[in-house]
Amino acid sequence: MVRPIIIAPSILASDFARLGEEVRAIEAAGADWVHVDVMDGHFVPNITIGPDVVKALRPHSSLPFDVHLMVAPVDPWLEAYREAGADILTVHPESGPHLHRTLGRIRQLGAKAGVVLNPGTPLAVLEDVIGLVDLVLLMSVNPGFGGQSFIDATLGKIERARALLDAAGSKAHLQVDGGVTAANAGACVAAGADALVAGTAVFRGGSSAYAANIQALKAA
């Protein structure tokens with residue numbers, strides 16, 4: 001089955017002094033989701049966006065808010081980000097003791113549930129929770145900072161993840177995040193990804209360039 005490619009610009013790469021305007025601009029430019037990187041300075045070495053910022057941004061876009069929670073412990077924050085306007089909540093297996101429970105709670109809150117696998121996290125952690133997963137996010141960099149280079153070995157992991165999802169009959173999206181550009185987007189899609197997170201590749205050049213940048217990713 002050929003799926004349309006979802007482009008989810010990461011606002012981590014946007015102008016934080018103009019976040020509302022930036023979110024409106026990427027929607028107008030053809031983005032499909034808004035990717036929100038939440039970092040706590042503990043699970044990853046950076047601090048970014050709290051639920052109040054997500055709540056403030058929510059009126060600026062009708063696009064799904066794809067919230068990647070790089071926080072530990074993650075469970076106490078699920079309700080706050082859902083209430084702030086998150087449509088998708090994506091968590092790391094390492095961010096809490098009971099991944100199955102966490103995914104179930106996300107669904108109870110009415111959001112779509114995602115699992116994030118770091119470069120060193122094996123695909124095997126998905127096997128017993130795959131029925132609760134609406135999104136699998138493969139990190140193609142080690143999380144914590146934007147602007148890193150794509151880890152080429154991720155392409156093989158994308159292929160294996162796609163095979164795992166297909167074998168399970170899962171309709172979950174397979175997303176890639178980290179160093180995604182027009183130069184490697186095509187390889188990610190060919191390997192089986194159907195959702196691409198891109199920061200610098202979308203936001204470079206200012207708002208007048210966003211539409212062309214997004215189109216370049218979709219056409220790659």
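- Checked by atom type and distance alone, the side chain of R58 never pairs as donor or acceptor with a backbone atom of A84 at under 3.5 Å.
- In this structure, D87 contributes its side chain and F65 its backbone to a donor-acceptor pair below 3.5 Å.
- Residue R101 qualifies as open at atom CZ: its count of foreign heavy atoms under 6.0 Å is 12 or below.
- Taking all atoms of both residues into account, the shortest heavy-atom contact from V176 to C188 is CG1-SG, 4.2 Å.
- By the criterion of side-chain heavy atoms lying less than 4.5 angstrom apart, applied directly or through intervening Ile, Leu, Val, Met, Phe, Trp or Tyr residues, V91 is not grouped with V197; the two fall into different hydrophobic clusters.
- Judged as a ring pair (Phe, Tyr, Trp, His ring centres under 6.0 Å), and not counting sequence neighbours, the contacts of F203 are Y210.
- With hydrogens and angles disregarded, a donor-acceptor distance shorter than 3.5 Å links the side chain of E22 to the backbone of D15.
- In this structure, A182 and A220 approach most closely via the heavy-atom pair O-CB, 3.3 Å.
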Item checked: Intermediate values then yes/no, side-chain contact (heavy atoms from CB on, under 4.5 Å), L89 and L69 -> CA-CA 7 Å; L89 289 168; L69 294 172; 3.9 Å; yes

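- Considering all non-hydrogen atoms of both residues, P9 and I26 come closest at CB-CD1, 3.9 Å.
- For K157, the side chain to side chain contact (heavy atoms under 4.5 Å, CB included) partners two or more places apart in sequence, or in a different chain, are L117, L123, L138, R160.
- Counting heavy atoms from C-beta outward, S10 and D177 have side chains that stay 4.5 Å or more apart.
- Between the D166 side chain and the A161 main chain, no donor and acceptor come within less than 3.5 Å of each other.
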Note to self: Before you tell me yes or no, could you show the steps for V54 and L57 under side-chain contact (heavy atoms from CB on, under 4.5 Å), namely the whole-Å CA-CA distance, both residues' side-chain angles and the distance that decides it to 0.1 Å?
What the structure shows: CA-CA 5 Å; V54 174; L57 289 176; 5.8 Å; no

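- Under the ring pair (Phe, Tyr, Trp, His ring centres under 6.0 Å) criterion, H68 pairs with H35, H92, not counting sequence neighbours.
- In this structure, the side chain of S140 does not engage the main chain of F150 through any donor-acceptor pair within 3.5 Å.
- A donor-acceptor pair under 3.5 Å is absent between the side-chain atoms of S14 and the main chain of F16, judged by distance alone.
- A donor and an acceptor atom, one from each side chain of D194 and Q175, are nowhere located under 3.5 Å apart.
- V71 has its side chain out of reach of H42: every pair of non-hydrogen atoms, C-beta onward, lies at least 4.5 Å apart.
- For the pair D32 (side chain) and I7 (backbone), a donor-acceptor distance under 3.5 Å is present.
- Shown here are the ring pair (Phe, Tyr, Trp, His ring centres under 6.0 Å) partners of W77, two or more places apart in sequence or in another chain: there are none.
- Residue L137 belongs to a hydrophobic cluster whose other members are V116, M139, V141, with links defined by side-chain heavy atoms closer than 4.5 Å.
- Hydrophobic cluster membership differs between L12 and I6, with clusters built from Ile, Leu, Val, Met, Phe, Trp and Tyr side chains linked at under 4.5 angstrom.
- Under the rule for a salt bridge (charged side-chain N to carboxylate O under 4.0 Å, His left out), D75 has no partner lying at least two apart in sequence or in another chain.
- The hydrophobic cluster containing V180 also contains V189, counting ILVMFWY residues as joined when their side-chain heavy atoms lie under 4.5 angstrom apart, directly or transitively.
- With sequence neighbours excluded, no residue satisfies salt bridge (charged side-chain N to carboxylate O under 4.0 Å, His left out) with R24.
- Within the model, atoms CG of N46 and CE of M70 stand 8.5 Å from one another, a figure rounded to the nearest 0.5 Å.
- In terms of modelled atom types and a separation under 3.5 Å, the side chain of T102 and the main chain of H98 share a donor-acceptor contact.
- Residues passing the side chain to side chain contact (heavy atoms under 4.5 Å, CB included) test with A198, sequence neighbours excluded: A201, V202, L217.
- In terms of the salt bridge (charged side-chain N to carboxylate O under 4.0 Å, His left out) criterion, R82 has no residue partners (sequence neighbours excluded).
- With hydrophobic clusters built from ILVMFWY side chains whose heavy atoms lie under 4.5 angstrom apart, I88 does not share a cluster with L109.
- By the criterion of side-chain heavy atoms lying less than 4.5 angstrom apart, applied directly or through intervening Ile, Leu, Val, Met, Phe, Trp or Tyr residues, L135 is not grouped with V36; the two fall into different hydrophobic clusters.
- Between K218 and G30, the closest heavy-atom pair is NZ-O, 3.6 Å.
- The closest donor-acceptor contact from the side chain of D37 to the backbone of I11 lies at 3.5 Å or more, if one exists at all.
- Of the charged side-chain nitrogens involved, at least one lies within less than 4.0 Å of a carboxylate oxygen, so that R107 and D134 count as a salt-bridged pair.
- Partners of L63 by side chain to side chain contact (heavy atoms under 4.5 Å, CB included), not counting sequence neighbours, listed by chain and number: E27, A31, V34, S61.
- Using a 4.5 Å heavy-atom threshold, the side chains of V133 and S170 count as separate.
- A donor-acceptor pair under 3.5 Å is formed between the side chain of D40 and the backbone N or O of F43.
- Scanning both residues, I158 and A193, for their nearest heavy atoms gives CG2-N, 3.6 Å.
- Of all heavy-atom pairs spanning D128 and H100, the tightest one is O-CD2, 4.2 Å.
- Under the side chain to side chain contact (heavy atoms under 4.5 Å, CB included) criterion, P45 pairs with F145, not counting sequence neighbours.
- Applying the side-chain hydrogen bond (donor to acceptor under 3.5 Å, both in side chains) criterion to K55, with sequence neighbours excluded, gives no partner residue.
- Side-chain contact between L174 and L165: present, with at least one pair of heavy atoms (C-beta onward) separated by less than 4.5 Å.
- Atom CZ of R105 is separated from atom CG of L132 by 14.0 Å, given to the nearest 0.5 angstrom.
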